[in-house]
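Each remark here refers to the structure printed beneath this line.
The residues of the chain are indexed from 1 along the displayed sequence.
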Amino acid sequence: DKGPPVIRDVLLQRGWEEYDEDDANGNQHFNMWWKTARFTPSQLASCHYPYQRINHFPKSSEITRKDSLLRNLRRMRGIYGQLYDFI
């Protein structure tokens with residue numbers, strides 16, 4: 001998947017280079033890599049440069065999935081008490 005068209009168009013207009021999954025040479029010179037699924041550890045390791053951006057981050061599901069967010073909020077309430085008693 002190439003990502004939402006408006007985001008893709010804006011970034012390409014600004015001169016960003018998109019990751020090409022069909023590139024057999026493994027071109028590492030890209031600015032953005034958009035996937036609908038999570039990145040594998042080897043894919044994350046292929047981002048070598050600080051200017052490279054991806055749309056998913058390791059362990060982000062801990063706060064973006066409702067069940068994981070609730071579990072973590074309950075854990076924080078157990079540690080910090082009333083400070084996390086807003087749910």
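Here R53 pairs with nothing under the side-chain hydrogen bond (donor to acceptor under 3.5 Å, both in side chains) rule; sequence neighbours left out. Take E62 and apply the side-chain hydrogen bond (donor to acceptor under 3.5 Å, both in side chains) test, not counting sequence neighbours, and it matches R71, N72. Residues passing the salt bridge (charged side-chain N to carboxylate O under 4.0 Å, His left out) test with R75, sequence neighbours excluded: none. For T40, the side-chain contact (heavy atoms from CB on, under 4.5 Å) criterion is met by S42, Q43, not counting sequence neighbours. The side-chain contact (heavy atoms from CB on, under 4.5 Å) search around I54 returns W33, F39, L44, C47, F57, not counting sequence neighbours.
For the residue pair H56 and T36, the shortest heavy atom distance occurs at NE2-O, 3.6 Å.
Alongside Y49, the hydrophobic cluster contains Y51 (criterion: ILVMFWY side chains under 4.5 Å).
Distance CD1/I63 to CG/L73: 10.0 Å, rounded to 0.5 Å. L83 CG to M76 CE: the interatomic distance, rounded to the nearest 0.5 Å, is 8.0 Å. Here K35 contributes atom NZ and N55 contributes atom CG; the two are 9.0 Å apart, rounded to the nearest 0.5 Å. The distance from atom CH2 of W34 to atom CD1 of I7, rounded to the nearest 0.5 Å, is 4.0 Å.
Within the 4.5 Å cutoff, the side chain of R8 has heavy atoms near those of the M32 side chain. In this structure, the side chains of Q52 and N31 stay at 4.5 Å or more apart for every pair of heavy atoms. Between D20 and F30, every side-chain heavy-atom pair lies at or beyond the 4.5 Å cut-off.
One N or O on the side chain of T64 and one on the backbone of S60 form a donor-acceptor pair closer than 3.5 Å.
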